[in-house]
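Working notes, beginning with the structure itself.
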Amino acid sequence: MNSNFEAEQQRLTNVMKIISEEINRLEDETSRRKNEVIQIRKHFWDEVKVNTDTFDDYLETIIGLRQEVQALSVSQGTHRHASKRLSTLQRMQDVPYFGRIDFLEEDTSVPEQIYIGISTLRDASGENFLIYDWRAPVSSVYYDYQPGPAKYTTPGGIVQGKLEKKWQYLIRDGLLHSMFDTSITIGDEILQEVLGKESNKKMHNIVATIQQDQNKIIRYDKGRLLIVHGAAGSGKTSAAMQRIAYLLYKYRGHLLADQIILFSPNKMFNSYVSNVLPELGEENMQQVTFQEYLQYRLKKESQLETPFDQLEYVLTQKNSSFYSLRIANIQFKATTTFFKALHRYQQSLAFSGMQFNDLLFRGKSIITSSQIAEQFYNHNGSLRFHQRLEKVKDWLIMELKKIEKKERDKLWVEEEIELLSNDAYHRAHRILAEKRGFTRERLAEYEMEPKALARLIVHQKLKPLRKQVKTLRFIHFKELYKQFFTDSEKVKKWIGEEMPANWADISQLTVNMLEQDRLYYEDATPYLLLKELIQGFQSNSTIKHIVVDEAQDYSPFQFEFLKHLFPNAKMTVLGDFNQAIFAHAREMIDFTQLTNLYGQDETKIFNISRSYRSTKPIIEFTRSLLSNGDQIIPFDREGEIPVLKQVSNHNELHRSIADKISDLRNRNFNSIAIICKSAAESRHAYEGLSMIEDMKLLKSNSLEYEGGIVVIPTYLSKGIEFDAVIIYDASEEVYGDESLSRTFYTACTRAMHKLIVYSVGQPCRLLQKAREEKLIREMD
């Protein structure tokens with residue numbers, strides 16, 4: 001073993017030398033290329049002689065410009081490529097590779113030693129591979145097979161062979177600490193070492209510890225929709241991030257990072273996963289929350305409730321007289337039934353019911369809504385809906401031109417001219433002169449006529465109306481959405497047999513909100529869908545892949561909307577229904593419903609049940625909170641049994657938590673979360689625990705989790721992990737409702753190493769099984 005170890009250390013030393021030499025070469029090259037780009041930009045116009053006197057001179061100028069642009073583009077591309085490679089090699093300096101397989105290909109006699117790392121490295125000749133990229137086809141053998149018969153797929157076909165040995169290396173700062181000859185997929189030694197570390201404020205790549213089920217997810221490349229349903233801490237998000245890196249590697253030249261969108265649960269999560277792709281030498285994809293997208297598209301429509309405001313209502317307002325109605329409202333508007341009903345409603349508008357706004361100018365209606373409606377419905381019935389709208393738009397532009405001519409001679413125009421400031425007058429003079437072909441040097445020669453000035457003033461005053469017409473803002477979208485809920489006869493045809501029994505109440509609730517110029521969160525996507533159906537769907541055909549994390553937080557309606565929004569995209573969906581805490585999730589039992597999006601043949605569902613985040617005692621405790629908890633398999637990492645402490649009041653609670661935080665700090669826990677049921681409870685906890693230094697309150701608009709001690713509501717903690725978690729109050733009063741079991745489970749599964757559960761008074765019934773089975777230790 002010693003001779004093997006020494007040989008491996010010597011090989012590692014040689015590889016480190018080659019990496020160091022390549023880094024030095026690339027540092028020189030990137031510096032030279034950077035200066036080259038700067039010089040080309042600086043002297044760009046010095047190299048181009050601009051002459052447009054004759055056609056030949058003009059052609060020569062264009063050719064010269066193209067040559068300079070091409071030279072600049074080549075230099076920029078070379079600099080960018082060298083910089084990217086340099087960055088990757090610098091990351092490889094610490095851990096150049098993490099594994100090795102000895103693979104004997106069929107019909108050969110000598111096995112090839114294949115070392116695997118985050119990127120490919122060749123020797124000085126450029127002919128021999130020293131390290132293979134973990135995404136290379138042959139590298140899949142490392143993740144998928146035990147020693148024995150093995151195969152991998154290449155673009156040229158399947159390669160058969162035998163995996164003779166598999167090694168794992170623990171390398172730190174370029175030194176070999178240990179090596180393992182293993183017969184299992186990934187040796188527990190390295191995985192234990194990785195999982196036993198403290199949490200970090202950034203997620204990192206998992207290429208050294210990818211498990212077989214995760215590898216299948218990463219490399220799966222068939223169909224339109226991949227659904228990953230996994231337990232808390234099973235590595236769903238990590239696998240998805242490696243999956244994106246794999247797709248960018250496999251389809252380089254055809255798939256770019258900016259053609260991929262990650263829909264994440266909150267802004268803080270965007271920061272948390274921002275490291276993964278750059279660590280693997282790839283650019284970050286686009287990241288956005290669904291709420292941010294809705295706000296961008298509906299920013300001027302109404303005051304829009306956020307998903308967190310909606311959830312806050314669900315968690316804190318159970319005593320409200322409207323509570324059951326609001327839940328019914330949320331659940332119905334999450335369904336594909338409602339999605340289809342809005343489609344039928346839009347189709348019916350081709351025959352009657354379109355609502356328009358009057359066009360107002362100087363406080364008066366110049367074209368009425370009824371005139372616009374008459375134009376819309378008087379067009380030939382053979383025209384499609386959107387063609388009719390285009391005809392109406394053209395008609396309105398023509399009408400505005402007629403109105404513009406009439407307005408020029410009116411008294412208000414003379415008054416506007418008299419009130420023009422010097423600056424406004426000179427600006428008008430310049431605009432009119434340039435229209436007449438006067439150069440800047442000859443502007444003073446232009447004599448402005450009063451009629452020309454009047455025409456300009458009227459034209460500019462009508463500019464907002466022309467923009468309103470061109471952007472179809474003459475359509476009264478809010479009234480159209482409201483009409484769906486007020487036409488009691490037709491709505492029966494649109495919804496059909498699945499109409500809710502309390503439809504009249506749901507309708508009145510929606511109308512009341514619209515009349516207050518507000519939109520519930522459950523109305524935001526339906527409202528936007530109706531708007532898109534009427535004005536023409538603004539789909540994004542450039543996006544080729546979307547990733548939806550915490551997918552259980554999305555309704556079937558929203559998934560249908562995403563499908564229409566990105567018609568050319570494949571979709572990777574990640575979620576865990578045990579963490580489904582939004583009200584609509586009660587109507588969506590599992591992800592099999594999503595097979596209807598693209599059909600069963602285009603859909604693949606992976607279920608991953610092993611959980612890695614938490615210690616075995618914590619996972620055994622959290623499993624007891626679920627009716628199906630026995631399906632979750634804990635990774636065998638030892639740790640402390642969770643603790644339950646019952647206190648009599650909030651003053652005692654705050655003193656005890658402060659003491660516990662001090663103890664955890666002394667034990668070098670870097671990240672500690674005090675998790676509360678809601679934002680309201682979080683504010684209360686933050687105020688009561690003000691004696692704790694450097695504690696932060698995380699809110700829905702927080703941009704980054706920076707480690708340390710935080711107070712956070714359950715729904716913002718999703719997707720993030722902490723060294724230690726303190727459940728602020730798990731009393732019967734707070735978590736007594738059975739519907740909160742998933743919320744409570746979600747909070748407890750954030751803990752990696754230590755979980756402390758407090759209860760002001762009687763602990764909630766959700767803890768009963770854990771207490772009976774001694775899965776939680778009760779403190780005096």
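Within the 3.5 Å criterion, the main-chain N or O of Val288 finds no donor-acceptor partner in the side chain of Glu292. Asp723 places a side-chain N or O within donor-acceptor distance of the main-chain N or O of Ser671, the cut-off being under 3.5 Å. Under a 3.5 Å cut-off, the side chain of Thr615 and the backbone N or O of His753 do not form any donor-acceptor pair. Side-chain atoms of Gln287 never come within 3.5 Å of backbone atoms of Ser264 as a donor-acceptor pair (strictly under, hydrogens ignored). Under a 3.5 Å cut-off, the side chain of Ser611 and the backbone N or O of Ala232 do form a donor-acceptor pair. The main-chain N or O of Asp659 is never found under 3.5 Å from a side-chain atom of Asp663 such that the two would form a donor-acceptor pair. Between the side chain of Thr316 and the backbone N or O of Glu312 there is at least one donor-acceptor pair closer than 3.5 Å. For the pair Gln242 (side chain) and Ser238 (backbone), a donor-acceptor distance under 3.5 Å is present. In this structure, the side chain of Glu282 does not engage the main chain of Leu277 through any donor-acceptor pair within 3.5 Å. In this structure, the side chain of Arg750 engages the main chain of Thr746 through a donor-acceptor pair within 3.5 Å.
Remark: the Asn512 side chain and the Gln516 side chain contain no N/O donor-acceptor pair separated by less than 3.5 Å. A donor-acceptor pair shorter than 3.5 Å cannot be found between the side chains of Gln579 and Glu550. Between the side chains of Tyr715 and Asp553, not a single donor N or O lies within less than 3.5 Å of an accepting N or O.
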**Report entry** Steps toward side chain to side chain contact (heavy atoms under 4.5 Å, CB included) verdict (Met285, Ile244)
**Finding:** CA-CA 9 Å; Met285 59 191 144; Ile244 294 305; 4.1 Å; yes
Query - Residue pair His650, Leu653: steps toward the side chain to side chain contact (heavy atoms under 4.5 Å, CB included) verdict - result: CA-CA 5 Å; His650 281 89; Leu653 172 69; 3.8 Å; yes
Query raised in the report: Can you list the steps and then say if Val276 with Thr237 is a side chain to side chain contact (heavy atoms under 4.5 Å, CB included)?
Result: CA-CA 11 Å; Val276 179; Thr237 303; over 6 Å; no
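Residues meeting the ring pair (Phe, Tyr, Trp, His ring centres under 6.0 Å) test with Tyr735, sequence neighbours left out: Phe744. For Ser624, the side chain to side chain contact (heavy atoms under 4.5 Å, CB included) criterion is met by Phe621, Lys769, Ala770, Leu775, not counting sequence neighbours.
Of all heavy-atom pairs spanning Ile776 and Leu767, the tightest one is CD1-CD2, 4.5 Å. Listed here is the closest heavy atom pair of Phe322 and Tyr313: C-OH, 3.8 Å. When all heavy atoms of Thr622 and Cys748 are compared, the pair lying nearest together is CG2-CB, 3.8 Å. The two residues Pro265 and Thr289 come nearest to each other via the heavy atoms C-CG2, 4.3 Å. For Val760 against Asp729, the heavy-atom pair with the smallest separation is N-OD1, 3.0 Å. Looking at every heavy atom in both residues, Ile618 comes nearest to Ser614 through CG2-CB, 3.6 Å.
Two residues are said to be in side-chain contact when any heavy atoms from C-beta on lie closer than 4.5 Å; Ile661 and Ile657 meet this criterion. Proximity of Val95 to Arg172: side-chain heavy atoms (C-beta onward) are separated by under 4.5 Å at one or more points.
We find the CD1-CG distance between Ile756 and Leu644 to be 11.5 Å, quoted to the nearest 0.5 Å. With values rounded to the nearest 0.5 angstrom, Gln310 atom CD is found 10.0 Å from Tyr520 atom OH. Note that OG1 of Thr306 is 7.5 Å distant from CD of Gln295, once rounded to the nearest 0.5 Å. Atom CG of Leu315 is separated from atom CG of Leu740 by 6.5 Å, given to the nearest 0.5 angstrom. Leu697 CG to Ser690 OG: the interatomic distance, rounded to the nearest 0.5 Å, is 12.5 Å. With rounding to the nearest 0.5 Å, the separation of CD in Gln558 from CG in Leu528 is 11.0 Å.
If you run ring pair (Phe, Tyr, Trp, His ring centres under 6.0 Å) between Phe338 and each of Trp503, Tyr527, Phe332, only Phe332 comes through.
Using bins of under 30°, 30° to 60° and over 60° for the plane-to-plane angle, the ring pair Phe98/Tyr143 lands in the tilted bin. Classification of the Tyr728-His654 ring pair by plane angle, with boundaries at 30° and 60°, yields parallel. Between Phe557 and Phe339, the ring planes are perpendicular. Angles over 60° get that label, and only those under 30° would be called parallel.
In this structure, Lys318 pairs ionically with Asp737, as a charged nitrogen and a carboxylate oxygen lie closer than 4.0 Å. Residues Arg91 and Glu279 are not paired through a salt bridge, judged by the lack of any N-O separation under 4.0 Å between the basic side chain and the carboxylate. Salt-bridge formation is detected for the pair Arg765/Glu732: a Lys NZ or Arg NE/NH1/NH2 atom is positioned less than 4.0 Å from an Asp or Glu carboxylate oxygen. Using a cut-off of 4.0 Å between Lys/Arg side-chain N and Asp/Glu carboxylate O, Arg326 and Glu305 are scored as salt-bridged.
Around CD of Glu498, the count of heavy atoms belonging to other residues, nucleotides or ligands within 6.0 Å does not exceed 12. No more than 12 heavy atoms of other residues, nucleotides or ligands sit less than 6.0 Å from atom CZ of Arg777. Within 6.0 Å of the CD atom in Glu733, the count of heavy atoms belonging to other residues, nucleotides or ligands does not exceed 12.
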